[in-house]
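This report refers to the structure that appears directly beneath it.
Whatever order the structure lists ligands and atoms in, that order sets their numbers, starting from 1. All of these numbers come straight from a predicted model, not from anything done at the bench.
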Amino acid sequence: MAIRRRIVAGNWKMNLDHAGAVALAQAVATGAHSCGDCNLILCPPSIYLEPVAQTLELTNNAGHSGVALGGQNLHDQPKGAFTGEISPTMLVDVGCTFCIVGHSERRTLFGETDSVVNTKAKAVLAAGLTPIICVGETLEERDQGRTAAVVTEQISGSLAGLSAADLAKSIIAYEPVWAIGTGKVATPEQAQEVHALIRKQLAEHADEATANQVVIQYGGSVKPENAGVLAAQPDIDGALVGGASLKAEDFLAIAEQFAHAS
Ligand code: PGA
């Protein structure tokens, strides 16, 4: 099996204020050295991208903290009359190298379909950014035994038309909707089963070597207490963390466990 990178991303959602965002970024950057080879990404609200970018740049003597910056969402067009939106080039401009697309909150609260997610993922890649493409079933779908079917459909719709090279540059996040913000984490076995299924589908979409390179994160109530068992699973390469990413100590403790997982 290929040795994949470990990547833990913090999705701050619509939280914090300017001072809080800067303080959190500072604390994460200061502690990042303890996370070894695990790469860290911070995804603040878009209005705080620039101050967080400045904080990450200024943190250590080398001029860069090693912590990367990501958007939470974007519009697929580079510019134009799209009131309230931000473009891929704007994300690049302020120092982002990643962007989350198709988070379940975007899908359910803002009506983003697989086709919208696909268009956004392509725009992210075209701008030279790495998309973190989110998929995951609802509790109802899981209870009906439809998890595999739902995730398979989301993956094929969201990745339609992406080349093997595009895929190799992308991150997939499996986030069961019933585990997001609920405190109910998927068991390591439940998560691993879906991660393995996704990797198999990536191999069918592209090829096995590419599939073995793709980082697949788990998301949904990841905390320092459960990160270790998740990180120990063969196909769980990192985490997309919501609530626990708002505390630097917890976020770093999660990343440390991914860094130490063999
Ligand atoms: P949570 O959110 O960690 O608060 O469950 C995860 C996410 O929405 O990415």
Run the side chain to side chain donor-acceptor pair (under 3.5 Å) check on S34 and E256 step by step: do they pass? CA-CA 7 Å; S34 67; E256 279 169 34; 2.8 Å; yes
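Partners of R199 by salt bridge (Lys or Arg N to Asp or Glu O under 4.0 Å), not counting sequence neighbours, listed by chain and number: D235, D237.
Clustering of Ile, Leu, Val, Met, Phe, Trp and Tyr by side-chain heavy atoms under 4.5 Å joins F110 with L109. Taking Ile, Leu, Val, Met, Phe, Trp and Tyr as members and joining any whose side-chain heavy atoms lie under 4.5 Å apart, directly or through other members, the hydrophobic cluster of L240 also contains I7, I41, F98, I100, I132, I171, V215.
Using modelled atom types, no side-chain atom of S221 and backbone atom of V185 make a donor-acceptor pair closer than 3.5 Å.
For ligand 1, the 4.0 Å heavy-atom shell takes in N11, K13, H103, E175, A179, I180, G181, G220, S221, L240, V241, G242, G243, ordered by chain and residue number.
Counting only N and O atoms by type, the side chains of E141 and T138 include a donor and acceptor under 3.5 Å apart.
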